[in-house]
Amino acid sequence: MPELPEVETIARGLDSRVAGDVIESVWLGSKPEPLKSPAREIVATLESKRIAGVRRVGKHIVFDLENGGRASSAKKTHKTARASKLAPTSQWIVHLGMTGRMLVCPPEEEIAKHTHAIARLASGRELRFVDPRRFGRLSVSSGFEAQGSEPLDVEPARFVSLFRGRKTPIKSALLNQKLLSGVGNIYADESLFRARVRPRRRAASLTRDELGRLYQTVQEVLKEAIALGGSSISDYVDSDGEEGFFQLQHRVYGREAEPCLVCRTPVKRVVIAGRSAHYCPKCQK
DNA sequence: AATGAAACCTGACAGC
DNA sequence: TGCTGTCAGGTTTCAT
């Protein structure tokens with residue numbers, strides 16, 4: 001479901017709504033657990049922690065946690081204050097997979113099917129993790145870092161070097177989170193269309209010019225999508241339940257057989273490394 | 001080392 | 001109505 005623009009939208013929404021709130025208790029669903037860290041560790045890390053802020057790293061939502069829940073804040077001596085400052089900050093890491101949602105709900109709201117985790121907040125509200133396909137993952141960390149470069153921060157030279165010598169199709173390279181963190185199927189196709197590069201081209205075969213264009217279009221597409229709140233295809237909504245509008249700007253993704261918006265040639269859909277890829281056979285070389 | 005296919009899940013939708 | 005097949009915003013694992 002969510003790529004960088006959707007996760008960015010969700011993280012911003014969560015930050016504005018729950019930053020400063022305190023997690024009082026945590027419920028984790030049983031059965032096949034969508035957990036990367038042991039359940040005990042997750043519960044222990046979250047409970048009675050204050051949410052300092054929420055941000056996006058790649059396609060991950062990161063809740064920065066700090067001590068300051070009731071128990072510890074009520075009686076804080078200078079000694080414990082200093083200790084908590086020195087203690088490594090902990091983080092709650094959420095990956096939404098294809099269908100995950102992280103919602104802020106009033107407690108009386110009915111528990112949706114496929115709800116796998118609930119964090120009850122001191123304000124009375126609940127953070128609920130809902131994920132029908134169970135591809136999403138929850139974990140805790142104390143020094144989470146993206147595995148690849150942030151597409152919106154990467155230097156042009158670094159961007160170019162990511163693809164040097166790679167025989168894999170440029171489309172697959174864009175989806176490789178260890179190179180760039182955050183680009184997914186929609187935005188890879190849309191960026192390649194705007195850069196006029198075919199998705200199956202070997203990454204190493206792109207000219208300096210083409211890589212320069214791709215650098216520009218990746219950033220352009222992601223920024224435009226963030227500005228429109230992401231792409232809602234079937235069920236993406238942000239933490240407020242609001243849909244995004246970038247799907248109205250898609251030029252090739254999901255437009256198989258429809259006319260290219262530039263030259264009217266029918267858009268092609270092919271499968272590359274198991275993912276569908278959409279492109280204009282005339283505009284993209 | 002790197003590339004691709006299969007696996008992991010559930011749900012929606014098209015076609016018969 | 002209901003069955004079958006296909007597809008879906010992602011990642012990991014297992015063969016080549």
Side-chain angles (χ1 to χ4, degrees), chain A residues 1-11 29-37 56-61 93-102 112-117 129-139 144 146-148 151 162-192 199-205 218 221-222 224-226 228-239 242-257 269-278:
Chain A
M1 170 218 264
E3 304 181 34
L4 185 152
E6 291 77 32
V7 180
E8 178 71 29
T9 302
I10 292 165
S30 47
K31 301 290 172 57
E33 299 167 17
L35 308 179
K36 243 178 161 174
S37 308
R56 175 196 64 76
V57 173
K59 293 177 189 170
H60 301 266
I61 301 169
I93 311 297
V94 178
H95 193 292
L96 299 172
M98 291 275 255
T99 53
R101 295 180 178 190
M102 183 60 75
K113 195 178 175 185
H114 305 303
T115 297
H116 306 306
F129 175 63
V130 183
D131 181 21
R133 288 180 73 180
R134 295 173 180 271
F135 288 171
R137 290 291 178 268
L138 306 180
S139 60
F144 185 77
Q147 336 170 55
L162 292 176
F163 305 109
R164 191 165 294 147
R166 297 196 177 263
K167 293 183 204 151
T168 195
I170 184 65
K171 167 75 186 277
S172 303
L174 286 172
L175 294 181
N176 183 343
Q177 300 298 297
K178 288 175 181 158
L179 300 180
L180 285 177
S181 297
V183 178
N185 211 30
I186 294 175
Y187 301 105
D189 280 2
E190 293 298 317
S191 302
L192 286 167
R200 225 191 278 278
R201 285 272 303 282
R202 304 280 133 182
S205 79
V218 165
V221 162
L222 293 175
E224 285 178 26
I226 290 170
L228 293 181
S231 301
S232 290
I233 303 274
S234 61
D235 59 359
Y236 158 74
V237 289
D238 67 14
S239 62
E242 297 290 328
E243 296 189 340
F245 294 97
F246 191 73
Q247 67 279 8
L248 303 174
Q249 305 298 319
H250 293 176
R251 299 184 189 174
V252 285
Y253 186 85
R255 296 192 65 247
E256 180 182 13
R269 174 183 169 277
V270 296
V271 174
I272 299 173
R275 312 294 305 278
S276 64
H278 310 73

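Every chain is numbered from 1 and lettered A, B, ... according to where its sequence line falls, protein lines coming before strand lines.
Side chain of A/R255 to main chain of A/A257: no donor-acceptor pair is present (N/O by atom type, distance under 3.5 Å, no hydrogens or angles). Remark: side-chain polar atoms of A/Q247 are not paired, donor with acceptor, to backbone N or O of A/I233 under 3.5 angstrom. Judged purely by atom type and a 3.5 angstrom limit, A/T9 has no side-chain atom pairing as donor or acceptor with the backbone of A/D238. Counting only distance, with no hydrogens or angles, the side chain of A/T168 and the backbone of A/A173 share no donor-acceptor pair below 3.5 Å.
Atom OH in A/Y187 sits about 14 Å away from atom C1' in C/dG10, given to the nearest Å. Put simply, CG on A/L4 is 17 Å from C1' on C/dT11, counting in whole angstrom units. Taking atom NZ of residue A/K171 and atom P of nucleotide B/dG4, one finds them 13 Å apart after rounding to whole Å. If you take CZ of A/F163 and P of B/dA2, they are 14 Å apart, rounded to a whole angstrom. Rounded to a whole Å, the CG atom of A/L175 is 14 Å from the P atom of B/dT3. Whole-Å rounding puts the A/D131 CG to B/dC9 P distance at 12 Å. A/H60 places its NE2 atom 12 Å from the P atom of C/dG10, with the value rounded to the nearest Å. Put simply, CZ on A/R200 is 12 Å from C1' on B/dG4, counting in whole angstrom units.
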**Dot-bracket notation for DNA chain B, counting Watson-Crick and G-U pairs under 3.5 Å, with | for partners on another strand** = .|||||||.|||||||
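Of the side-chain N and O atoms in A/K36, none sit less than 4.0 angstrom from OP1 or OP2 of C/dT11. Of the side-chain N and O atoms in A/Q177, one or more sit less than 4.0 angstrom from OP1 or OP2 of C/dT11. Phosphate proximity of B/dG4 to A/T168: present, with a side-chain N or O under 4.0 Å from OP1 or OP2. Considering only side-chain N and O atoms, A/H114 lies nowhere under 4.0 angstrom from the phosphate OP1 or OP2 of B/dC9. Of the side-chain N and O atoms in A/S276, one or more sit less than 4.0 angstrom from OP1 or OP2 of C/dA8. Between A/K59 and C/dG10, a side-chain N or O to OP1/OP2 separation shorter than 4.0 Å is present.
Taking every heavy atom of both residues into account, A/P2 and A/L96 meet most closely at CG-CB, 3.4 Å. Shown here for A/H278 and A/S276, the closest heavy-atom pair between the two residues is CE1-OG, 3.4 Å.
Listed nucleotides B/dC9, B/dG11, B/dG4 differ in distance to A/K113; the shortest reach to its side chain belongs to B/dG11. In this structure, the nucleotide among C/dG10, B/dG11, B/dT3 sitting nearest to the side chain of A/K167 is B/dT3. Among the nucleotides B/dG4, C/dT11, C/dC7, the one closest to any side-chain atom of A/S172 is B/dG4.
Nucleotides C/dT12 and B/dG11, compared at atom C1', are 22 Å apart to the nearest Å. Rounded to the nearest Å, the gap between the P atom of C/dC7 and that of B/dA5 is 15 Å.
Residue-level contact check: A/P169 touches the backbone only, with heavy atoms under 4.0 Å from sugar-phosphate atoms and none from bases. If you check every strand for non-hydrogen atoms under 4.0 Å, A/Y253 touches sugar and phosphate atoms only.
In this structure, A/H114 and A/H116 have tilted ring planes: the angle between them lies in the 30° to 60° band.
In the interface, the side chain of A/R133 is paired with the base of C/dA8 through a donor and an acceptor atom under 3.5 Å apart. Side-chain atoms of A/R134 stay outside donor-acceptor range of the base of B/dC9, with no qualifying N/O pair under 3.5 Å.
Shown are A/E3, A/E224, A/E6; of these, the side chain to side chain donor-acceptor pair (under 3.5 Å) with A/Y187 is made only by A/E6.
Between atom CG of residue A/L192 and atom CZ of residue A/R201 there is a gap of 10.0 Å, rounded to the nearest 0.5 Å.
Remark: ring of A/F135 does not overlap the six-membered base ring of C/dT11 in a stacked fashion, as centroids less than 5.5 Å apart with planes less than 30° apart are not both met.
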